[in-house]
Amino acid sequence: MLLPKEITLFNQKIKIIKSRTLLSRTGMFGECDFNKHKIYIQQSTRKHKITEEQLSLTLDHEVLHMILYLSGYDKLMYDEIFINTVSGLLNQYINQRK
């Protein structure tokens with residue numbers, strides 16, 4: 001999956017940063033920096049093979065975090081069960097449309 005360099009949400013530019021160390025540093029495939037409007041996504045390395053499906057799902061997951069942040073849903077933006085459920089279903093729907 002070719003990751004976009006940036007996306008726009010609510011007229012805000014969100015940079016997508018590819019990382020080769022995120023997983024080893026944080027234990028996560030993706031991470032949002034809400035204040036800087038950046039999303040970090042783990043890329044494949046020799047040690048960590050990341051599938052296209054994992055990249056796609058991780059990006060959708062982090063984008064949903066950012067949408068909730070920009071919408072002011074402070075409690076929901078940290079609810080990982082909600083984020084995993086909704087982003088997983090949206091990812092499935094988007095992939096079915098291709």
Side-chain angles (χ1 to χ4, degrees):
M1 172 186 186
L2 190 59
L3 291 174
K5 292 183 179 182
E6 74 176 25
I7 59 172
T8 302
L9 299 171
F10 297 104
N11 291 321
Q12 302 289 316
K13 299 286 185 195
I14 312 298
K15 290 189 179 188
I16 309 297
I17 312 290
K18 299 173 188 176
S19 173
R20 296 210 174 265
T21 61
L22 183 64
L23 188 58
S24 59
R25 286 186 300 109
T26 67
M28 299 183 294
F29 288 101
E31 181 177 51
C32 282
D33 184 331
F34 298 114
N35 295 322
K36 294 182 180 178
H37 289 188
K38 292 182 180 179
I39 294 174
Y40 297 91
I41 303 291
Q42 174 68 43
Q43 293 294 284
S44 276
T45 64
R46 288 182 189 165
K47 186 175 180 181
H48 303 289
K49 298 295 181 196
I50 311 298
T51 67
E52 295 293 312
E53 292 79 17
Q54 286 171 314
L55 275 178
S56 175
L57 187 56
T58 300
L59 180 60
D60 291 346
H61 178 102
E62 298 306 326
V63 166
L64 185 53
H65 275 294
M66 192 63 75
I67 288 170
L68 293 171
Y69 166 75
L70 293 171
S71 299
Y73 287 98
D74 297 341
K75 291 182 182 178
L76 279 180
M77 71 187 228
Y78 292 113
D79 186 335
E80 286 299 320
I81 294 172
F82 176 79
I83 298 288
N84 283 333
T85 302
V86 174
S87 65
L89 289 168
L90 282 173
N91 181 269
Q92 182 180 9
Y93 169 71
I94 291 166
N95 288 329
Q96 286 177 11
R97 291 183 57 189
K98 292 180 181 177

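Position 1 is the first residue of the sequence, and the numbers go up from there.
- Here L23 contributes atom CG and F29 contributes atom CZ; the two are 5.0 Å apart, rounded to the nearest 0.5 Å.
- In this structure, S56 OG and I94 CD1 are separated by 7.0 Å, a value rounded to the nearest 0.5 Å.
- Remark: Q92 engages L89, Q96 in a side-chain contact (heavy atoms from CB on, under 4.5 Å) (not counting sequence neighbours).
- Legend: ring-ring contact (aromatic ring centres under 6.0 Å, His included) pairs involving residues 56-75, not counting sequence neighbours, sorted by first then second residue: F34-Y69, H61-H65.
- Looking at residues two or more places apart in sequence or on another chain, you find a salt bridge (Lys or Arg N to Asp or Glu O under 4.0 Å) between E6 and K13.
- Atom CG in N11 sits 7.5 Å away from atom OG1 in T8 (nearest 0.5 Å).
- Within the structure, side-chain hydrogen bond (donor to acceptor under 3.5 Å, both in side chains) contacts touching residues 16-34 (residues at least two apart or in different chains) are T21-R25.
- Listed by first then second residue, pairs satisfying side-chain hydrogen bond (donor to acceptor under 3.5 Å, both in side chains) with a partner in residues 34-43 number zero, not counting sequence neighbours.
- A single hydrophobic cluster is not seen to contain both Y93 and L64; linkage of ILVMFWY side chains at heavy-atom distances under 4.5 Å, directly or through other members, places them apart.
- Under the 4.5 Å side-chain heavy-atom criterion for grouping Ile, Leu, Val, Met, Phe, Trp and Tyr, M28 is not connected to I17 through any hydrophobic cluster.
- Under the 4.5 Å side-chain heavy-atom criterion for grouping Ile, Leu, Val, Met, Phe, Trp and Tyr, F10 is connected to L90 within one hydrophobic cluster.
- Residues passing the side-chain contact (heavy atoms from CB on, under 4.5 Å) test with V63 are I7, L9, I39, L59, I67, sequence neighbours excluded.
- The shortest non-hydrogen separation linking I83 to L68 is CD1-CD1, 3.3 Å.
- Considering every non-hydrogen atom in both Q54 and T58, the closest pair reads O-OG1, 2.7 Å.
- There is no path of hydrophobic side-chain contacts, each under 4.5 Å, that joins L57 to M66.
- Within the structure, the salt bridge (Lys or Arg N to Asp or Glu O under 4.0 Å) test picks out no pair touching residues 71-93 (sequence neighbours left out).
- Remark: D60 pairs with N91 by the side chain to side chain donor-acceptor pair (under 3.5 Å) rule, at least two apart or across chains.
- With sequence neighbours excluded, no residue forms a side chain to side chain donor-acceptor pair (under 3.5 Å) with T45.
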